[in-house]
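Input: a single structure, listed below in structure tokens.
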Amino acid sequence: LLGGVVIPIAVIFIAFITDNHVRDRYDFIGINIPVIGQIPLLKNVTFSRRMRIKFNYGLKSLTPPDLTNKDFGKEAFLMLRSELDHHLAKFNDVPMCICTSFNPGSGKSYVAINTASAEAKKGKRVLLVDLDIRHASLSKRINSPAHGATSYLDGSCTDLDKLIVHDKSAGIDILPSGTIRPNPAELLEHDSLDEMFERLRQRYDYIFIDCAPSLDLLTVNALCAADTVVIPMQCEFFALEGLSELMGTLKTVRQKYNR
């Protein structure tokens with residue numbers, strides 16, 4: 001009889017302490033990482049569209065929700081915008097916010113464009129830079145122009161007016177990634193990335209950067225210039241472990257390069 005009571009309790013206890021799922025924002029208590037928003041699960045859309053949004057694939061996956069009507073995305077992204085503005089208020093310069101993650105398919109491009117669109121609803125000048133040059137999800141939204149950020153970085157085109165595309169439906173400007181280079185590290189041989197960011201700060205009120213989930217040299221250099229990092233997470237197994245590894249990298253970048 002005693003074993004019938006102790007064994008189930010022990011099993012439940014072990015399952016509880018080894019549970020690595022993220023279920024809500026309260027799982028971050030004690031980690032000292034601010035949670036600025038929760039985006040609801042898209043249960044009111046078709047499975048195929050939900051999968052496109054999840055994996056950031058195709059043009060429709062990046063269509064921002066209509067913030068003028070009541071829908072699943074309006075309140076969530078407006079609340080996220082308010083929390084983000086609170087964190088960005090301490091910066092005197094034009095805030096530069098990077099959206100990255102520790103694994104593909106976490107919805108970073110979806111969060112980036114909808115947050116940027118929400119900021120534009122305030123009448124602000126907002127730019128979204130696609131630095132995920134291998135996947136280039138945001139560039140697909142504007143038909144993947146051949147010239148973009150990579151053109152500026154390699155010096156083939158430094159006229160921002162020719163590179164930036166206005167997205168009328170989202171109310172923002174987008175700097176596409178441009179043509180994929182065989183070796184992206186070659187784009188950083190000069191100081192063109194810092195120069196590009198400095199010129200963009202003179203034009204806009206907010207700058208959002210969509211970076212690759214892998215911490216390559218281009219992403220790390222963008223982190224060095226960033227003011228804030230937004231990390232979308234899905235409620236999934238081992239999510240906290242992946243987050244802790246990414247936070248370790250961000251801490252190193254901040255201590256050595258971004259003060």
Side-chain angles (χ1 to χ4, degrees), residues 37 39 41-42 45-67 72-73 76-77 80 84 96-120 126-153 163-182 184 187 193 196 200 206-223 226 228-234 236 242 246:
I39 307 302
L41 181 65
L42 309 181
V45 296
T46 63
F47 176 80
S48 60
R49 172 158 167 72
R50 191 160 64 246
M51 288 299 99
R52 286 197 297 267
I53 293 174
K54 179 178 180 181
F55 294 104
N56 291 328
Y57 181 80
L59 297 178
K60 292 183 178 180
S61 67
L62 294 175
T63 302
D66 184 1
L67 298 178
F72 67 88
F77 281 106
L80 189 152
L84 183 61
M96 184 177 297
C97 179
I98 282 186
C99 192
T100 187
S101 63
F102 50 84
N103 65 321
S106 60
K108 64 178 182 60
S109 299
Y110 177 74
V111 171
I113 192 169
N114 284 286
T115 307
S117 180
E119 293 288 359
V126 182
L127 174 70
L128 185 56
V129 183
D130 188 1
L131 283 187
D132 189 354
I133 61 176
R134 295 199 180 277
H135 197 211
S137 299
L138 295 173
S139 299
K140 295 177 184 177
R141 177 182 174 88
I142 52 176
N143 299 320
S144 301
H147 298 287
T150 56
S151 303
Y152 191 99
L153 296 180
L163 301 177
I164 295 174
V165 179
H166 182 68
D167 189 325
K168 187 177 296 186
S169 62
I172 62 175
D173 287 345
I174 295 179
L175 176 59
S177 61
T179 305
I180 299 177
R181 299 298 191 268
L187 298 173
L193 184 64
M196 183 181 73
L200 292 175
Y206 290 89
I207 299 175
F208 292 87
I209 305 173
D210 181 30
C211 287
S214 59
L215 291 175
D216 54 17
L217 288 177
L218 190 58
T219 300
V220 172
N221 277 266
L223 289 172
T228 301
V229 180
V230 175
I231 307 172
M233 288 183 58
Q234 292 183 345
E236 58 187 12
L246 179 57

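Numbers for residues simply follow the sequence, beginning at 1.
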Nearest-0.5 Å distance that lies between atom [atom1] in [X] and atom [atom2] in [Y]:
{"X": "Leu128", "Y": "Asp167", "atom1": "CG", "atom2": "CG", "result": "9.0 Å"}
{"X": "Ile172", "Y": "Ile207", "atom1": "CD1", "atom2": "CD1", "result": "12.5 Å"}
{"X": "Arg134", "Y": "Ser177", "atom1": "CZ", "atom2": "OG", "result": "11.0 Å"}
{"X": "Ile174", "Y": "Ser139", "atom1": "CD1", "atom2": "OG", "result": "8.0 Å"}
{"X": "Leu153", "Y": "Ile133", "atom1": "CG", "atom2": "CD1", "result": "8.5 Å"}
{"X": "Asp173", "Y": "Leu127", "atom1": "CG", "atom2": "CG", "result": "6.0 Å"}

Decide, yes or no, whether a salt bridge links Arg141 with Asp130 under the criterion of side-chain N to carboxylate O below 4.0 Å.
->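 Judged by the 4.0 Å cut-off on N to carboxylate O distance, Arg141 and Asp130 do not form a salt bridge.
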Sidechain-backbone polar pair: Thr100 side chain, Ala212 backbone, donor-acceptor under 3.5 Å =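 Answer holds: yes.
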Is there a donor-acceptor contact under 3.5 Å from the side chain of Lys108 to the main chain of Asp210?
->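 No; judged by distance alone, with no hydrogens or angles, the pair does not exist.
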Side chain proximity check, [X] to [Y], heavy atoms < 4.5 angstrom:
{"X": "Met196", "Y": "Leu175", "result": "yes"}
{"X": "Leu138", "Y": "Asp132", "result": "no"}
{"X": "Glu119", "Y": "Cys97", "result": "no"}
{"X": "Val230", "Y": "Thr115", "result": "no"}
{"X": "Ile164", "Y": "Leu200", "result": "yes"}
{"X": "Pro232", "Y": "Cys99", "result": "yes"}
{"X": "Phe208", "Y": "Leu84", "result": "yes"}

Considering all heavy atoms of both residues, which atom of [X] and which atom of [Y] are nearest to each other, and what is their separation?
{"X": "Ser101", "Y": "Ile231", "value": "CA-CG2, 4.2 Å"}
{"X": "Leu163", "Y": "Ser151", "value": "CD2-CB, 4.3 Å"}
{"X": "Ala170", "Y": "Ala120", "value": "O-CB, 4.2 Å"}
{"X": "Ala149", "Y": "Leu131", "value": "CB-CD2, 3.9 Å"}
{"X": "Lys140", "Y": "His135", "value": "CE-O, 3.5 Å"}
{"X": "Leu193", "Y": "Ala222", "value": "CD2-N, 4.1 Å"}

